[in-house]
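Notes for the one structure printed next.
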Amino acid sequence: MDLEQERELVFKAKTDADAFGLLYDEYYPKIFGYVLRRTASVETAKDITSEVFLKALQSIKNFRWRNIPFSAYLYRIAEHEISNGYKRNKHIIFLKQDIENSAIISDISLDDESARVEADIQKHEEFLLLHQCIVKLPHIYQEVIVLRYFEKKLISEICIILGKREGTVKSLLNRGLKKLKIIMDENATF
Amino acid sequence: MKNEDLIKKLESARLPEAELHTHRRLLKTALLKNYESASNKTATAAKRRRIPIMSIITGFFKSNRPAWQKAMVSTFAVVLLLITALAINMSPLVRDYEAMAMEAALNNPDVQQIIEDEEIDTQNIKIAAVFDTQNGLKYYVSIGEKNIVAVELSKWLFNTEIVEVLIETTPVTDTKKQELIEIACTDPEINALFEKGASIYMYYFDYIPAYLAGDSVLDVAHKASGQPLSIKNAQLMADDWVEFTVRLWFELDGTRYSIMLDMLDKSVFSFGPLSSIS
């Protein structure tokens with residue numbers, strides 16, 4: 001989807017639930033994947049992803065298009081939730097109950113699905129070891145490293161997501177890598 | 001471990017795309033079921049917050065109040081506007097821009113992180129240089145010996161904005177200093193200033209990662225407005241970043257100057273005096 005198509009879809013989504021659904025379909029995998037790689041926890045990734053889309057829905061009518069991808073806005077919400085220590089709000093509790101009730105009615109086990117993905121993650125030992133080192137970094141370095149190397153974002157895209165200048169992002173990345181190297185060198189497993 | 005190895009490790013260790021199909025489907029259903037209530041709640045709250053100032057004003061003037069009351073309110077409003085306008089015009093005289101720039105720098109979370117990481121004493125945080133810009137001033141605040149923050153300050157909007165947090169981690173050796181002076185002195189005007197005894201008081205190195213492309217990598221990066229990521233299909237070839245530009249600030253007889261050196265061409269990219277620091 002190009003930026004112009006996305007702008008039209010966001011505009012439609014202000015009054016049309018189906019258009020919001022299309023935005024959701026486009027970005028759920030990216031946001032869920034990002035939060036999962038940032039937190040390495042399926043449950044947290046589920047909750048934060050739900051929170052991100054609920055917040056996006058709550059603010060869609062007042063959303064002002066600023067010529068930046070909608071995904072950047074979603075990443076920012078996700079990053080805010082991760083950095084500020086995610087806390088469930090009352091709306092998300094209702095939403096979660098809604099999801100769980102639907103699962104019971106459809107006779108589906110959400111826990112089985114989560115357990116399967118959790119087990120998949122556990123197989124990626126190298127990722128988990130790296131993740132353990134990355135989470136020791138201050139958040140400002142964690143986010144640039146994950147966006148650059150796990151999410152494969154360009155510096156220009158990271159600038160938009162984080163709302164920082166290119167020089168700042170490059171400096172943070174350079175500095176973050178140096179710090180990560182020190183942490184990894186201290187860690188005997190690498 | 002080398003930088004290159006670390007980057008390879010990071011790139012290879014990423015998790016494959018994982019997705020919870022059921023969660024995805026059920027969350028979508030729950031969101032769309034709540035579409036009306038969730039999206040309207042915030043929109044209504046925002047509408048409710050809007051104060052109908054225009055309707056209050058027009059209502060007052062259309063009301064049956066005596067004419068002297070309306071005239072008094074109008075006069076009072078005009079006087080208030082004049083006082084505000086005067087206050088705005090006067091305030092640049094009393095505002096301490098340097099302190100504003102310093103405050104903006106110190107309130108920046110990235111800067112706070114650097115201060116904490118490097119245990120920088122507040123005495124080592126100084127205004128290093130100031131430039132006049134179209135809309136206001138641009139301050140360079142040095143954080144310790146290696147880091148610089150650029151703060152842009154708008155005179156008319158009374159606000160400050162951190163435009164860049166630049167971090168330099170390589171100490172400048174005497175040999176390096178000599179090399180930089182030699183490059184700078186290829187410009188006859190700069191050469192004349194150094195012959196008169198100009199001395200450099202601050203350095204800033206801007207780095208780009210070393211990339212390998214089809215032809216000359218660094219030329220590609222340079223010609224594409226200095227954005228290293230505009231290089232297509234490039235491969236990381238070195239374990240460190242390469243010098244891209246160096247900014248030097250020097251002083252002669254109380255006048256401060258700024259030079260930007262292009263380290264790829266080993267030439268002077270820009271040069272000019274700084275406005276004096278008040």
Side-chain angles (χ1 to χ4, degrees), chain A residues 14 17-18 20-21 24-25 28-29 32-33 36-37 42 46 49-50 53-54 57-62 91 95 98-99 102-103 108 110 113-114 117 120-121 124 126-127 129-130 138 140 145 149-150 152 154-156 164-168 170-172 174-175 177-181 184-185 190, chain B residues 1-3 5-7 9-36 38-46 109-110 113-114 116-117 147 149-150 162-169 206-209 226-230 241:
Chain A
K14 287 172 182 274
D18 290 339
F20 184 82
Y24 173 89
D25 289 338
Y28 175 95
F32 177 78
L36 187 64
R37 285 184 277 276
V42 178
K46 269 164 69 174
T49 308
S50 305
F53 284 100
L54 181 66
L57 177 61
Q58 285 174 332
S59 54
I60 192 80
K61 282 214 161 71
N62 297 316
H91 298 109
L95 198 71
D98 246 11
I99 295 171
S102 303
I108 305 167
L110 280 167
E113 191 179 46
S114 300
V117 175
D120 271 354
I121 296 173
H124 293 82
E126 203 175 356
F127 168 81
L129 286 170
L130 258 175
I140 54 167
I145 288 176
Y149 298 109
F150 291 170
K152 306 274 185 218
L154 298 174
I155 298 279
S156 54
K164 292 185 194 294
R165 298 273 176 148
E166 188 162 323
T168 309
K170 283 192 282 189
S171 288
L172 287 172
N174 191 15
R175 203 176 167 78
L177 286 177
K178 281 181 179 162
K179 282 180 170 289
L180 183 61
K181 212 155 57 170
M184 287 170 71
D185 286 341
F190 284 97
Chain B
M1 184 191 291
K2 288 181 177 178
N3 243 15
D5 296 336
L6 174 59
I7 290 169
K9 207 176 259 294
L10 281 165
E11 286 175 338
S12 64
R14 71 187 289 266
L15 277 181
E17 293 303 323
E19 210 180 306
L20 300 173
H21 295 283
T22 313
H23 179 257
R24 177 181 178 169
R25 187 164 47 79
L26 295 180
L27 174 62
K28 184 180 179 182
T29 312
L31 285 168
L32 296 188
K33 202 172 99 185
N34 292 297
Y35 176 82
E36 283 304 324
S39 60
N40 282 335
K41 200 177 239 172
T42 331
T44 318
D110 296 344
Q113 190 66 52
I114 294 166
E116 192 188 317
D117 286 353
N147 312 302
V149 182
I162 297 280
V163 289
E164 247 173 337
V165 179
L166 307 165
I167 298 154
E168 154 59 19
T169 50
D206 194 8
Y207 285 83
I208 56 168
Q227 309 302 321
L229 289 149
S230 61
W241 293 40

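A note on names: the letters A, B, ... follow the listed sequences, proteins ahead of strands, and every chain is numbered from 1. Because the structure is a prediction, the values reported are computed rather than measured.
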_Restricting to non-hydrogen atoms, name the atom on A:K46 and the atom on B:H23 that form the minimum distance, rounded to 0.1 Å._
O-CE1, 3.7 Å
*Any chance you could measure B:K28, atom NZ, to A:Y28, atom OH, to the nearest 0.5 Å?*
12.5 Å
*Does the side-chain contact (heavy atoms from CB on, under 4.5 Å) test come out yes or no for B:R24 and A:Y24, once each step is laid out?*
CA-CA 9 Å; B:R24 177 181 178 169; A:Y24 173 89; 3.9 Å; yes
*With respect to chain B, which residue among A:D18, A:L36, A:D25 yields the maximal number of heavy-atom pairs within a distance under 4.5 Å?*
A:D25
*Gap between atom NZ of A:K178 and atom CG of B:L6 - 0.5 Å precision*: 12.0 Å
*Quick one: CD1 on A:I140 to CD1 on B:I114, what's the gap to the nearest 0.5 Å?*
7.0 Å
*Quick one: CD1 on B:I7 to CG on A:L180, what's the gap to the nearest 0.5 Å?*
10.5 Å
_Taking every non-hydrogen atom, the tightest pair across B:L31 and A:F53_ = CD1-CB, 3.6 Å
*Spacing of CZ belonging to A:F20 relative to CG belonging to B:L32, to within rounding of 0.5 Å*: 7.5 Å
*How many angstroms lie between CD in B:Q113 and NZ in A:K179, if you round to the nearest 0.5 Å?*
6.5 Å
*Does A:D120 have any side-chain contact (heavy atoms from CB on, under 4.5 Å) partners at least two apart in sequence or in another chain, and if so, which?*
A:K123
